[in-house]
There are 2 protein chains.
Amino acid sequence: MKKYELVADKIKAYITKNKLHHGDKLPTITELMKEYQVGKSTILQAITLLTQRGIVYKVQGSGVFVRPTGRDGYMSLTDNAGFAHVLKDPTTEVIEFAEKRPPKPLSEYLHSDEVCYFIKRLRRQEGKPFVLEESYYPKRIIPFMSKEIAEGSIFDYIKDGLKKEIRFSDKYMRVRKLRADEARYLELEEGDPCLEVYDTFYLANGTPFDSSKLVYNYQNSKFYDQSSDDII
Amino acid sequence: MKKYELVADKIKAYITKNKLHHGDKLPTITELMKEYQVGKSTILQAITLLTQRGIVYKVQGSGVFVRPTGRDGYMSLTDNAGFAHVLKDPTTEVIEFAEKRPPKPLSEYLHSDEVCYFIKRLRRQEGKPFVLEESYYPKRIIPFMSKEIAEGSIFDYIKDGLKKEIRFSDKYMRVRKLRADEARYLELEEGDPCLEVYDTFYLANGTPFDSSKLVYNYQNSKFYDQSSDDII
DNA sequence: TAGTGGTCTAGACCACGGG
DNA sequence: CCGTGGTCTAGACCACTAG
């Protein structure tokens, strides 16, 4: 584990332990350097991490402060970790598991129409369906996949099982009306609202390894985003 | 202007000029250091900027590469600059301009129910309404506001006129059905889908200066997000 | 194994905030 | 004015990629 990640964890623990809230000030960078026995840029990297995660913000000439904390029950739209972690009591039903070539526009997002694992899943939280997902994973990049894996967290399998690092993603979103077949899965009515997301994920070397279409149940899904304009 | 911003602009110009596309490699960091006569961390800061903006990605031991470019007609969900810049032929109609205290939940997001400028606007692109907006700006923080300013870009006024720096934002989103009054403004039907966003913006010193409720027309708005897990 | 990005340090100086 | 974060440099060494 990198030094700045360790320091970031320690600072986060410090915030939790001391019950700091919005606007509370952290120790100065000089103090943190002494406290954790590291150089200035290591502290800065740690604080950058916490800034990107929406936990703190820096004010030049003044200090580093704690941001307002997010609300419960909202899913992050932007983080690439997948949301299996933050869900309460999640279950996944695999509707279809096959090998096929992706149709447009997913093939465009993947920059290829090569043969992929195709997985259609319905994901639930506390028994309530919140997203219908159709994913394509190129076999060339993800050499093995199974229905059993798809019933759990595919991203955890890719990260921990295949030891591949997920680095960035492109998302294209719009709101529209549900089609009848989608509504049936999501336990809603045809014509009800939904959020449709085309999501493409890339490995650390820039290869796209997953292009998915997600359709969210409007009653069972809420989203948040905490962004920050900030360089080290 | 900061050195790393200048360098970032030059690198971006280099990408444009040489028509680099997804997967194309930039010069090495050592070469960029020589080329632009700056230290390594300045180059790294410049590349971090471009990474955060979804333009490049780094691969350890290999190089810096160009990301796929975004699609046209999509609005960024996460960038804090406001979207007046990327819209085609934008117009704004001020529906209501008043001074009042924010109701819940906006007062909670603002962490205050003090007196604010209240502005209700309908924003159009190429004549088509795409968002209905209700915003609260605390008078204590934004001392002056006018209907004329609200007809243009309020964020540009805050940045350029009031010389205040916008630093981060919290967004809470969900999809729902339109109410009759909203539908009338957006030229849709009651019960049609919409995206509802509660958006709170903060200045560089951490003060929230704007809490807004946005309701997007599902036919006239599409969104994108290009995220990246990356530290300097 | 050579080349490239990644981490980390020490230190100089700058720019801003607030008393 | 002082203290704080911000920028920038030079340089050592590490970790990974690819031929």
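None of the values given here were measured: they were computed from a predicted structure. Order of the sequence lines sets the chain letters (A, B, ...), proteins ahead of strands, with each chain counted from 1.
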Grab the [atom1]-[atom2] distance between [X] and [N] for me, whole Å please.
X	N	atom1	atom2	answer
A:Ile231	D:dG5	CD1	P	18 Å
B:Ile11	C:dG5	CD1	C1'	14 Å
A:Lys58	D:dG6	NZ	C1'	8 Å
A:Glu5	C:dT7	CD	P	8 Å
B:Tyr57	C:dG5	OH	C1'	14 Å
A:Met1	C:dG6	CE	P	18 Å
A:Arg167	C:dG5	CZ	P	13 Å
B:Gln45	D:dC8	CD	P	6 Å

Legend entry - Closest to side chain of A:Thr42, choosing from C:dC8, D:dT9, D:dT7: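 That would be C:dC8.
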Legend entry - Minimum heavy-atom distance between A:Tyr172 and B:Thr69, given as atom pair plus value: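 Where A:Tyr172 meets B:Thr69 most closely, the heavy atoms are OH-O, 4.1 Å.
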Legend entry - Shortest non-hydrogen separation from A:Tyr137 to A:Ile158 and the atoms involved: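 In this case the closest contact between A:Tyr137 and A:Ile158 is CE2-CD1, 4.1 Å.
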Legend entry - Basic-acidic side-chain contact under 4.0 Å: B:Arg167, A:Asp229: no
Legend entry - A:Asp170/B:Arg67 salt bridge by N-O under 4.0 Å criterion: yes
Inset, instruction - Would you kindly check if the NZ (Lys) or CZ (Arg) of B:Lys147 is within the cone defined by 45 degrees around the ring axis of B:Phe97 and under 6.0 Å from the six-membered ring centre? - result: no
Legend entry - Beyond-backbone contact of B:Tyr57 with A:Tyr202, side-chain heavy atoms, under 4.5 angstrom: no
Inset, instruction - Can you tell me the pairing partner of C:dG18 across any strand shown, Watson-Crick or G-U wobble, with both distances under 3.5 angstrom? - result: D:dC1
Inset, instruction - Report the residue (A:Lys3 or B:Ile29) whose heavy-atom-nearest nucleotide on DNA chain C is the more 5′ of the two. - result: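 Its nearest nucleotide lies further toward 5', so the answer is B:Ile29.
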Legend entry - Distance in Å, A:Thr48 OG1 paired with A:Ile43 CD1, rounded so as to fall on 0.5 Å steps: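 Going from OG1 on A:Thr48 over to CD1 on A:Ile43, the span is 11.0 Å.
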Inset, instruction - Return no unless some side-chain N or O of B:Tyr4 is found under 4.0 Å from OP1 or OP2 of D:dC8. - result: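 The answer is no; no side-chain N or O of B:Tyr4 sits under 4.0 Å from OP1 or OP2.
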Inset, instruction - For nucleotides 10-19 of chain D, just jot down a letter per nucleotide in 5' to 3' order: B, S or -, based on protein non-hydrogen atoms under 4.0 Å. - result: -----BBB--
Inset, instruction - Assign B:Ile232 to base, sugar-phosphate, or nothing according to its heavy-atom contacts below 4.0 angstrom with the strands shown. - result: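 Since only primed, P, OP1 and OP2 atoms lie under 4.0 Å of B:Ile232, the category is sugar-phosphate.
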